[in-house]
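Structure first, then comments.
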Amino acid sequence: MLLSRARGSVTAGRIVETEAYLGPEDAASHAAIRPLAARALFYGEGGHAYVFRIYGMHFCLNAITGAAGEPGCVLIRALEPVAGVGTMARRRGLPPSSRFLTNGPGKLTQALAITLHHNGADLTRGPLLIAAPDAPRKVAIASGPRIGITRATSLRLRFWVRNSSYVSR
DNA sequence: TAGCTGATTGACT
DNA sequence: GTCAATCAGCTAA
């Protein structure tokens with residue numbers, strides 16, 4: 001469950017698609033190819049946000065994992081909207097009933113108003129928050145190669161909720 | 001300083 | 001299926 005509080009409105013969604021990125025041994029990981037500032041975050045304490053700009057116009061949200069000194073993160077690729085759907089729809093310029101509010105990394109950051117100033121934020125305290133759902137559901141998880149990258153494409157580090165209509169692609 | 005790249009999206013053929 | 005938008009940070013010179 002990912003929760004965002006921005007400018008007075010709360011928006012939240014169930015995380016239905018992620019990709020894992022490892023340390024320098026993973027050629028696609030920003031721990032290996034991104035600037036020092038990002039790398040420092042990777043090696044920091046888990047539970048923090050890593051937000052970056054991609055293609056000059058979109059943001060992607062990562063959760064740093066592992067203890068300090070262990071690089072690794074999880075890219076949040078897609079959400080199933082749970083709360084604040086109207087707010088998300090307004091930010092995305094789509095009807096609230098749309099299935100396309102948060103089914104992509106750039107889309108969910110726009111819907112939850114996540115920007116670079118969330119970079120390094122503590123995900124255990126909010127205003128950006130990742131929490132266990134109140135009523136955990138048993139779901140089937142599928143895995144496969146990561147999407148949209150040009151390196152280390154053979155690693156099957158993408159995970160999504162099978163049968164969810166909110167995953168990307 | 002110039003040129004290139006990219007963990008994307010949306011519009012178009 | 002193809003392609004443009006748009007920019008920080010890297011590399012080459």
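Just so it is clear: chains get the letters A, B, ... in the order the sequence lines come, proteins before strands, and each one is counted from 1.
Taking atom NE2 of A:H30 as the reference point, atom P of B:dT5 lies 16 Å away to the nearest angstrom. The CD atom of A:Q110 sits 10 Å away from the P atom of B:dT9 (whole-angstrom rounding). Rounded to whole Å, the distance from CZ on A:R99 to P on B:dG10 is 14 Å. The distance between atom CZ of A:R39 and atom P of C:dA8, rounded to the nearest whole Å, is 19 Å. When rounded to the nearest whole Å, the span between CG of A:N119 and P of C:dG9 equals 11 Å.
Taking every side-chain heavy atom of A:I33 into account, B:dA7 is the closest of C:dG9, B:dA7, C:dC7. Looking at the side chain of A:K107, the nearest of the listed nucleotides B:dA7, B:dT9, B:dG6 is B:dT9. The listed nucleotides are B:dA7, C:dG9, C:dC7; the one nearest the side chain of A:I149 is B:dA7. Looking at the side chain of A:Y21, the nearest of the listed nucleotides C:dT6, B:dA7, B:dT9 is B:dA7. Relative to the side chain of A:R77, the nucleotides C:dA8, B:dA7, C:dA5 differ in distance, and B:dA7 lies closest.
Across all strands shown, B:dA7 remains unpaired; no Watson-Crick or G-U wobble contact has both distances below 3.5 Å.
No side-chain N or O of A:E80 forms a donor-acceptor pair with one of A:S164 less than 3.5 Å apart. Residues A:S168 and A:R77 have side chains that bring a donor and an acceptor to within less than 3.5 angstrom of each other.
Cation-pi check for A:R146 over A:Y21 is met; the charged atom lies under 6.0 angstrom from the ring centroid and within 45 degrees of its normal. Judged by the 6.0 Å distance and 45° axis criteria, A:R162 is not positioned over the aromatic ring of A:W160.
No engagement by A:R146 is indicated, since no non-hydrogen atom pair under 4.0 Å with the nucleic acid exists. A:R169 comes within contact range of at least one nucleobase, with a heavy-atom separation under 4.0 Å.
The phosphate of B:dG10 (OP1 or OP2) has a side-chain N or O of A:R92 nearer than 4.0 angstrom. Taking only side-chain nitrogens and oxygens, A:T150 comes nearer than 4.0 Å to OP1 or OP2 of B:dA7. Distances shown here put every side-chain N or O of A:R34 at or beyond 4.0 Å from the OP1 or OP2 atom of C:dC10.
Taking the six-membered ring for Trp and the full ring otherwise, the centers of A:F52 and A:F59 sit at least 6.0 Å from each other.
Where A:N103 and A:R151 meet DNA chain B, the nucleotide closest to each residue was compared, and A:R151 sits on the side nearer the 5' end.
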